[in-house]
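Heavy atoms only: backbone and side chains are in, while hydrogens, waters and symmetry mates are out. Both counts, for ligands and for their atoms, begin at 1 and track the order of listing. Residue indices begin at 1 and follow the sequence shown.
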Amino acid sequence: MTTRNAAENRVTLQGIGISPGIVIARALPYEQGGIVRKTKLNSVAFVEPEQDRFRKAVARTEEKLRLAREQFSALMADYASIIDTHILILRDKKIFDRTLEIIAEEKINAEWALETTLSQVEEVFAGMEDSYIRSRFLDVRQVADRIFAELSGADTSEEDAGRMVILVARDFSPEEILQMHNPVGFLAEMGGGTSHSAIVARALGIPAVVGLPNVCSLISANDLVILDGALGRVHINPEKSLLDNYRDKQIKYRQHRAEIANPVHLRAETPEGLSLRVQANLEISSEVNQALEYGADGIGLFRSEYLYLTSPDTPDEEFLFTTYKDLLSVASPLPVTIRTFDLGGDKKFVFRQGKSSQFCRKMAQQWSTEANPALGLRAIRYCLHEPQMFETQLRAIFRASVFGTVRILFPMISSCCELIHVKKIIASVREALLVANVPFDENIEIGVMIEVPSAVVVADILAHEVDFFSIGTNDLIQYALAIDRGNEQVSHMYEPLHPAVLRMISQVVGAAHGAGIEVEICGEMAGEEKYLPLLLGLGLDSLSMHPKAIPPVKRMIRQSNAEYTERLAENLLQCPTAAEVREQLQNYLVHYYADIFHVDDKACFK
Ligand code: PEP
Ligand code: MG
């Protein structure tokens, strides 16, 4: 929906809010692959200021690298040395001095000059005999990307220098979001609420709205934008009264967050003593501290595939082992559930010329031929297709297991055959470690994600083969209702309250409990307060969600009544349509959680 006031260039857009929060900031169109604007300097007088702009961008990059080194090196052992190398590259004469020279010689802007420098350096690297040294050009490219990002932020007036921006693009990949610098929000034409980009945005706490057709042409650089991530609303160049109104809302929202974050370490237990484990979903291991601060009772889902998506090289066993070891050590004694690589579908390596490894190239080519990636070589299918890579990951997990409590979770299991195949590989990995005298935890629990309808149907059989179930509602809804979770055109039909979804969850809980194993939900549904009484009533043992959702969900559990929620779930399971489920649930929320949900707050189900 678009509302426009042509005279004032004022536009209001309604999209899909995928990450809550209110942001008021200037817009910055984001070009995939970095913002590299090429401009000729009109006069020699501009050379010195342009060189200065470049020097300042390099200085800011260095400052941030040093800060990152302080913050993360304790958690990621190899990180410090990578950063040290990057700082050296920053000041290398062939890059720093050469770019300054090119600005002066060719009278072009810093971005263009840096790009020219890069292609010259790339040629030198390409001529190197040693393949390892050749591949180190990747580091130069990463450093340059950081400078480009700083240049784009600094490419404005003095008063805007160092400002935070709302990035606007046709689409963002999860990997791009992870690598962005300082966005306070983002807007995209494409995407849906449970896409992986949405999950990452929420995890990082960046408010975002997607599903905004033509937003790239409607917004210009420097437009003032109000982004309301909860309502999915965007106001471009708003009038003053609306701006004031939103500034008030922003203050209230921050107060609300601070308030609910307070008693985070209390147990998630109803007054009658029904307790649930409220765990965190992590995409990157460094988020673990934040998850614990928010009161996580464990890591219910570590999406290990992000190690591939964010690393320029193919992660080897040592890299994986160190990452898992650090993660387990920090979380210990709380359990960490590592999900094996869920690559494929919409989580593919982004292949970049000169940046990506041979392995990424091979897989990118293979995936590019898939007509239906969501139904293709994804998740466990991909791991069984690339057994060596799978074994490497399993070995790394087993080796790390002595540093904490680890559970292994297998994604997208659709049949018992797959699970049996997986267990055979586990047995051979264990055997090899035993022979080599490598210590590991003998009692690692293994579980499967229930996210394909066929797994629901055979859940009673699968339940006898594993230690726990984790329901991936993001995919389960997608596959059960035949709705692409990342497609904004059908996102209105992506319905967590569809009677089929409710019945599937109930069936899986019954199968798990019948076999005496635990069942949790790690899809996005688990972290939304409005679904909590339903999930509680359906009998889930644990919920896993993005860390920031933990405090409000725990608070709601503490004010829930186990008997009432059970009755609510029984009633909702009888509803013939999602609309009826929604209405009953909404009435329940307003009645029993009046301090959170208000009668006139229809937005809670939009
Ligand atoms: C899910 O499908 O619900 C899930 C948690 O996995 P992902 O979102 O990573 O596919
Ligand atoms: Mg999934």
Quick one: does ligand 1 sit under 4.0 Å from the side chain of Asp342, the backbone, both or neither, non-hydrogen atoms only?
-> side chain
Under a 4.0 Å heavy-atom limit, does Arg378 contact ligand 1 with its side chain, its backbone, both, or neither?
-> side chain
Do the side chains of Glu317 and Arg399 get nearer than 4.5 Å, heavy atoms only?
-> yes
With heavy atoms of Cys522 as the reference, note each atom of ligand 1 found under 4.0 Å away.
-> 5 (C)
With sequence neighbours excluded, what pairs up with Gln290 under the side-chain hydrogen bond (donor to acceptor under 3.5 Å, both in side chains) test?
-> none
Ignoring hydrogens, just give me the one of Arg303, Glu305, Gln478, Glu524 whose non-hydrogen atom is nearest atom 5 (C) of ligand 1.
-> Arg303
Check whether any heavy atom of Met525 sits under 4.0 Å from an atom of ligand 1.
-> no
Asp475 side chain to Gln478 side chain, donor-acceptor N/O pair below 3.5 angstrom | yes
Does Met545 come within less than 4.0 Å of ligand 1, judged by its heavy atoms?
-> no
Parallel, tilted or perpendicular: which fits the ring planes of Tyr593 and Tyr588, with parallel below 30° and perpendicular above 60°?
-> tilted
What part of Leu476, side chain from CB on, backbone N/CA/C/O, both or neither, has a heavy atom under 4.0 Å from ligand 1?
-> neither
Just jot down the ligand 1 atoms closer than 4.0 angstrom to any heavy atom of Gly472, in number order.
-> 1 (C), 2 (O), 3 (O)
All side-chain hydrogen bond (donor to acceptor under 3.5 Å, both in side chains) counterparts of Glu488, not counting sequence neighbours = none
Could you tell me which N, O or S atom of Asp475 is nearest to the Mg ion (ligand 2)?
-> OD2
Which bit of Arg485 gets closer than 4.0 Å to ligand 1, counting heavy atoms only: side chain, backbone, both or neither?
-> side chain
Is the Phe341 to Tyr308 ring centre distance short of 6.0 Å?
-> yes
Does a side chain donor of either Glu318 or Thr322 reach within less than 3.5 Å of an acceptor in the other side chain?
-> no
If you check every N/O/S atom of Glu451, which is the one nearest the Mg ion (ligand 2)?
-> OE1
Going by atom types only, do Gln393 and Tyr324 share a side-chain donor-acceptor pair under 3.5 Å?
-> yes
Atoms in ligand 1 flagged as close to Met449, the criterion being non-hydrogen separation under 4.0 Å = 4 (C), 5 (C), 6 (O)
Relative to the heavy atoms of Leu301, which atoms of ligand 1 are at a distance of less than 4.0 Å?
-> 5 (C)
State whether the side chain of Ser560 and the backbone N or O of Thr270 hold a donor-acceptor pair below 3.5 Å, judged by distance alone.
-> no
